[in-house]
Amino acid sequence: MKHTVIASLLAFATVFAGCTDLFETNPDNITNVDDYISRNDEIYKGFLGILTKMQQAGDHAIFLSDTRGDFLEVTGNAPVALQDIYNYRDTRGNAYADPMCYYAVVIACNDFIDKMRDYREKVGNSMDDNTATNFNALISSALRVKVWAYYTLGRLYGKAVWFDDSLEALTNLNDTRLFTWLNDMNAIVEKCLDLLDNGV
Amino acid sequence: MHMKTHTVIVLLLALLLPFGLPAQVDTYTGRIVGTDGQPIQGAIVTYSYGSHSVVTDKNGSFTLETPVQSGRMSIVAEGYYDRYYPLDSANLPTTIVLTPTDAPGFAGRLQWPEYSVLRERHGNTAQGIEKKDFKYGLTIDHAVQDAVSGLRVVRQGGMPGEGAYLNLRGLHSIVATNAPLYVVNGIPHFGNDAVSRTINGYARSVLFNQNTRDIRNVTVLKGADAAVYGSLGANGVILIETEQATSDNLETRISFSGQYGVSLPGRSLPVLGSEDYKAYLQDIGMTRYTLMTALQADYPFLQQGDHYYSYLFNHHTNWIREVQGPAFVTDNVFRVEGGDEIAKYNISFGYLSEGGVLNNTRSDRYHTLINANILVSRHVDIFTNVGLYYVNSQLQEQGMQPTTNALLSAYKALPLLSPYEKEPDGTILTHYATYDGWNVNANPSFPYDNTSNPLAIVNTLNAKDIIYDANIRLGLNVKANRFLTLTGLMNLYYNFTQESIFIPGVTDKAILPQYYGIGANTVRKGIQEDRTNYFGLSGLYQRTLADVHAFRASAGVRYMGRTKEFDLSSGYNTANDFYKTLGKVTDHPDIYGDNIEWKWLNYHLKMEDTWNEQLKGAFNLSVDGSSVSGLHAPRFGWFPSLSVTWMAASTGLLPDAVSLLNVTAEVSRTGNSRFSSNYSKNYYQNTNFFNLGTITRSNVPNTRLEWEKKDQLDLGLDLSLYEHLVNVQFNAFAAKAFDLLVARQISSVYGSANYYDNVGVIGTKGLEAGLRLNPVRTKELDWVLGATIATARSVVRSLGNSRELITTYTNYNDDDAMTILRVGASPYQFYGYQTAGVYADQVAVEADDLTSIYGHPYQPGDVRFVDWDGNGEINAKDKTLLGSAVPDFFGGLFTTIRFKALSLEAHFGYSVGNKAYNAVRRSMESMATFHNQSEAILNRWQMEGHQAALPRAVYGDPSGNNLFSDRWIEDASYLKLRDLTLRYTFQRGVLRLFRSGSVFVVGENLITCTKYLGGDPEFAYGYAEALQGFDYAKVTLPRMVKLGITLHF
């Protein structure tokens, strides 16, 4: 009796421990990394996801550039951060001057390209003609969005960190295999042209 | 780790070795009495060797012949706590005193799901409260308030169905949950601790599905015992054990308990009457208008004598009285229990109705708890508990929403106005007065400051909360042999909560429009579904070894999975107020939703041995994994604890007067994985892009993220003199919570705003003490008095690469309040400006020569802010720490006097040094609008040279006098009479209708001594740590008077 019970206890424990999916969560409002891209429509929705990030960055681009030209004038009621930009004050810690949103676009593009590549490998030749045509167009568009992000970074900040990784974890920025520090506009443009000409 | 494990094994082996030679005792004669000195007949005295037993005679005497000289003697008597003695003790008493189980304020038993332990045989880092000591509160958290030193229970407010914020020993987490873990009958219970997004400010009791009368014991694990719950134990554990069908009494017993009473409104902020209001308006009006005639044209009641509109402004309405009033409260539980040798049952049905002091608020709760225990064979029994709850509440909005919070609106409404429409001839109509019905000038110089009609809010705003809640526990015990019991346990918990609100305003126009003034009426509906499954398998081994070792070991595995979904829809402007559904809204329909999944697996081992009733050692180990760990983080954590208790009174070395002296030392590691599984994950989410569903990637996650940890050292002392005539309990602890989740700043290159990392450290030290005196304890007269005191001081030690983290509250009606976590300081301190009175005259202004936050020089009558950085201007750098809601020390006092069958009990609670942010007073003393103000503004600055407590009244507050500052931070220390109970217990039946019972009268929250200027110094806006001390216009805790009866048929 005792042995049976102990054996069943151990079996129960082993079953739990052996099952790696036990801790995996998959709530209905998110898609796990492994499940994306798994259907045709996701290649379109995923691309629009890049545009969503681009739109968020678009606001920033206007705040940081147009307020310093003659296009926009801030009022007394505008946030202090915006006034600081308008008045060419120190922008350290200023949320409107943070380049984060452009890098979010870059990551979205890199990630999309990676996932599209995986999808192509998974689907192989079974992709219908229409999707196959659009597939290339979407990749091409994603590259152009990425170039836009870097070009804007160059225009606004004069420097950028180039990478093609989708950053699924916090990777060391000094890792030269992944990150290239571009310190002037020429270097950025060169990299952008290279991407446009040669693709990924 | 290896080192620690070896040490533990060596210690345990040492405990198992027989110590020394026992003294020679062949025959032992003794007498057993109660604490009242009366002999106890029928007590069973057992000697551990061979389980030889004798029964005491009518004088309480017995003679025990012992074949060997060691072992332990146990005494068991119905109605008394068991008692154990080592037989070799040098001073085995000839008179043994047993403590009755109904001794007031004395919890002699700690209840674990599988077994109970006598308090005398356990370290006092675990403390129990038994049913007899529960107060007559409507929720279990209220019923155990102040009973355990170190457990801070703060009731949330007077809206029906709300519970209490609980904190055990300070802050141990920033991002994860900081509330203690509730374990109901062995199953962790998380509950719904979110503040409603549908009905503003409403936070229902997390334990709404526990009827106080169905609970038999609450045991609070403050120290090493919590480690068995692994990564759920860092905040301490509260074990709740409900009634079970396990009684050996096979008779069918029926009982009923009922309470009926009235809830009375608490204190409110005094506001200006009609005449004072007029004077105020005249004063502030001229800071906006340049001509008095223009002001009078818009506000004709400022003119002398009668005028055409006099009929509109000739009232003296006390709006607070209009919206609040007494309400009926009742709680009824009917129980039937019984069965036979094979099948036992214990079933209760209950109905609770809690009327709120805010008119038209009520919460009705219907419940049943069905417990059954079936002996399938000699070795196997099946048990089940099925708890079903249905709650239907009619509520109102709270929080800083003056348009829909009836109380705030009542404070601000003009006292001159009538709640109902009026005709020029003075006839009062039945319609509610519209919010702008008194705006007599069609083209005013400035827009009117209107308020919603408070009476229309309470009578026509419809906010409902309906809960369906089912908790089903099913278990199987297999008695493998005399010592080993195996238990399989599963629990299914399901909760469905549906909230809805309709704020009218199209038809009657009595409530101001919502959503930036465009939502004339509002519809919101929210649903929440929570499913939690639990499966567990465990074994319990209990055995007396070598006569002197009471050994117990348990081990097992348990798994829990939780899914939670929340959906909220809202919209504005149905055609009129008869259409109250979402389908009829025409403006800004909006949908929000959230899904949560969380999983936990825990292997646990517990071993304890009590040697000769003198030394107890316990070792716990949990190996624990959960879904919060990232891809590159370890999945399982180790959570060991070690505890040693020396039961010095049993050694015979102490004087006879010392009946108990337990000294405990414990070390433990616990964890906290009560946070989102998504923080460490890479995932994709759906984002709305011009009404197109798009897929976007999450932030760069921390794939090395893991559970938070806490190491704790505990010391405990439990002393009893003269058989519990004097009881003293003392605890000291030092805890270090580390690897706490903090939103760390990372390079912008990662494209992510939030990056959680295990970098935070918070240290907490504290002392807790309890005293209980029982100076008179005869059969006729019994008097007990007691007190608890506790302190827990947390200090932030690290926040990773940040020195401070600021929390803002702009989501709360654009509040500019802040709290701060700063390294080296206590957490969540209010962070704002410091003030130094009011500038009396121009000379004082010029002496300081400061510029306001808006860049203007100050004027006489403005608040004098402290310019900490000395740069001549008041700006964000002048903000400073202003204290926190954590008290310096807190606790309770109680006394019980019983004369024959009549008893009087009083419980007091106190909290000293806790600060509160009185946002209600701030909005009522702002003197920046034409709304009605608090009476305090009569002391405002009015002329050059005036030494005033409050600044000048200026429309729009151009100097920033009302910025978030120490003006609004108050000392909310208090001492309050929580309840006063007079009870008569009858042991004999009346008219043969019942066998025994009691009747009682209880008054709750009757008297509060405090300097706090708000309604009640005890309040909590939800359960979040960062919101404690925020007086955000919740309904003040009511006073309550109830008549109750308990009958056993």
Side-chain angles (χ1 to χ4, degrees), chain A residues 1-2 4-6 8-9 12-13 15-17 19-20 22-37 41-42 44-53 55-56 80 98-108 111-112 115 160-161 163 166-171 173 179, chain B residues 379 478 480-481 484 486 537-539 555-557 559 563-565 593-601 603 625-627 629-632 635-636 677-678 681-690 692-704 746-753 755 757:
Chain A
M1 179 71 189
K2 193 192 281 182
T4 322
V5 169
I6 290 168
S8 48
L9 193 77
F12 185 77
V15 165
F16 269 154
C19 188
T20 49
L22 185 78
F23 294 105
E24 197 169 301
T25 55
N26 194 9
D28 292 342
N29 62 339
I30 65 168
T31 307
N32 282 337
V33 170
D34 297 340
D35 300 332
Y36 173 84
I37 300 169
D41 76 308
E42 286 177 359
Y44 304 106
K45 300 287 168 61
F47 178 73
L48 289 172
I50 299 178
L51 298 189
T52 311
K53 297 274 185 188
Q55 201 223 351
Q56 288 161 3
V80 177
D98 190 346
M100 185 183 80
C101 52
Y102 307 105
Y103 286 107
V105 175
V106 172
I107 293 168
D111 189 71
F112 180 70
K115 295 293 174 206
V161 181
F163 56 96
S166 55
L167 299 192
E168 290 193 348
L170 200 72
T171 323
L173 286 180
F179 300 100
Chain B
H379 299 294
V478 179
N481 57 40
L484 179 67
L486 297 157
L537 198 58
S538 62
V557 56
Y559 167 78
T563 59
K564 201 170 138 185
E565 178 173 345
D594 198 12
N595 294 55
I596 291 166
E597 272 190 33
W598 180 89
K599 294 170 176 178
W600 177 68
L601 177 68
Y603 299 95
S626 74
S627 55
S629 293
L631 188 66
H632 301 117
R635 180 63 74 185
F636 284 92
S677 307
N678 289 350
K681 265 177 89 161
N682 254 308
Y683 59 90
Y684 295 86
Q685 57 198 350
N686 182 13
T687 310
N688 187 341
F689 180 64
F690 296 115
L692 277 171
T694 72
I695 298 173
T696 55
R697 224 193 76 168
S698 61
N699 287 333
V700 170
N702 181 355
T703 51
R704 297 186 187 282
I746 53 170
S747 166
S748 299
V749 175
Y750 296 107
S752 306
Y755 182 84
D757 206 353

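Order of the sequence lines sets the chain letters (A, B, ...), proteins ahead of strands, with each chain counted from 1.
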- [ ] With a 4.5 angstrom heavy-atom cut-off, could you sort out which part of B:N682 is near chain A: side chain, backbone, both or neither?
- [x] both
Open item on the list: Minimum heavy-atom separation for A:L173 and B:V749, please, with both atom names.
Closed with: CD2-CG1, 3.8 Å
Open item on the list: Taking side chain as everything from C-beta outward and backbone as N, CA, C, O, which of these in B:I746 sits under 4.5 Å from a heavy atom of chain A? Side chain, backbone, both or neither.
Closed with: side chain
Task: Residue A:A169 versus chain B: region with a heavy atom under 4.5 Å - done: both
TODO: Would you check if the side chain of B:Y750 reaches a backbone N or O of A:T171 as a donor-acceptor pair within less than 3.5 Å?
DONE: yes
- [ ] Under 4.5 Å, counting heavy-atom pairs only, tell me which of A:D34, A:I50, A:D98, A:N26 racks up the most with chain B.
- [x] A:N26
Task: Check: B:Q685 side chain, A:I30 main-chain N or O, donor-acceptor pair, under 3.5 Å - done: no
TODO: Taking the side chain as every heavy atom from C-beta outward, state whether A:L22 and B:L601 have any pair of such atoms under 4.5 Å apart.
DONE: yes
Task: Contact class of A:E168 relative to chain B, heavy atoms under 4.5 angstrom - done: both
- [ ] Identify the two heavy atoms, one from B:F690 and one from A:Q55, that lie closest to each other, and give their separation to 0.1 Å.
- [x] CZ-NE2, 3.5 Å
Open item on the list: Given heavy-atom pairs under 4.5 angstrom as the criterion, report whether the side chain, backbone, both or neither of B:T563 touches chain A.
Closed with: neither
TODO: Would you name the heavy atoms of B:E597 and A:T25 that are closest together and state the gap between them?
DONE: OE1-CA, 3.4 Å
Task: Residues A:D111 and B:Y684: side-chain donor-acceptor under 3.5 angstrom - done: yes
- [ ] Over all heavy atoms of both residues, which pair between A:F23 and B:S627 is shortest? Give the atoms and the distance, please.
- [x] O-CB, 3.2 Å
Open item on the list: Using a 4.5 angstrom heavy-atom cutoff, name the option from B:S752, B:S629, B:G593, B:S747 with the most pairs to chain A.
Closed with: B:S752
Open item on the list: What part of A:F163 gets within 4.5 angstrom of chain B, counting heavy atoms only: side chain, backbone, both, or neither?
Closed with: side chain
- [ ] Report yes if the side chains of A:L170 and B:R704 come closer than 4.5 Å at any heavy-atom pair, otherwise no.
- [x] no
TODO: Taking A:K45 for its side chain and B:L692 for its backbone only, find out whether a donor-acceptor pair lies under 3.5 Å.
DONE: no
Task: Heavy-atom side-chain proximity of A:K53 to B:T696 below 4.5 angstrom - done: yes
TODO: Only one of B:T687, B:N688, B:T694 passes side-chain hydrogen bond (donor to acceptor under 3.5 Å, both in side chains) with A:T52; say which it is.
DONE: B:T694
Open item on the list: Within this structure, what is the CG-CG distance for the pair A:N32 and B:N678, rounded to the nearest 0.5 Å?
Closed with: 8.5 Å
TODO: Using non-hydrogen atoms and a 4.5 Å limit, figure out which bit of B:D594 sits close to chain A: side chain, backbone, both or neither.
DONE: both
Task: Portion of B:S698 that has a non-hydrogen atom of chain A nearer than 4.5 angstrom - done: neither
Task: Step-by-step side chain to side chain contact (heavy atoms under 4.5 Å, CB included) determination, A:T31 to B:Y683 - done: CA-CA 6 Å; A:T31 307; B:Y683 59 90; over 6 Å; no
Task: Whether B:R697 side chain and A:A104 backbone form a donor-acceptor pair below 3.5 Å - done: no
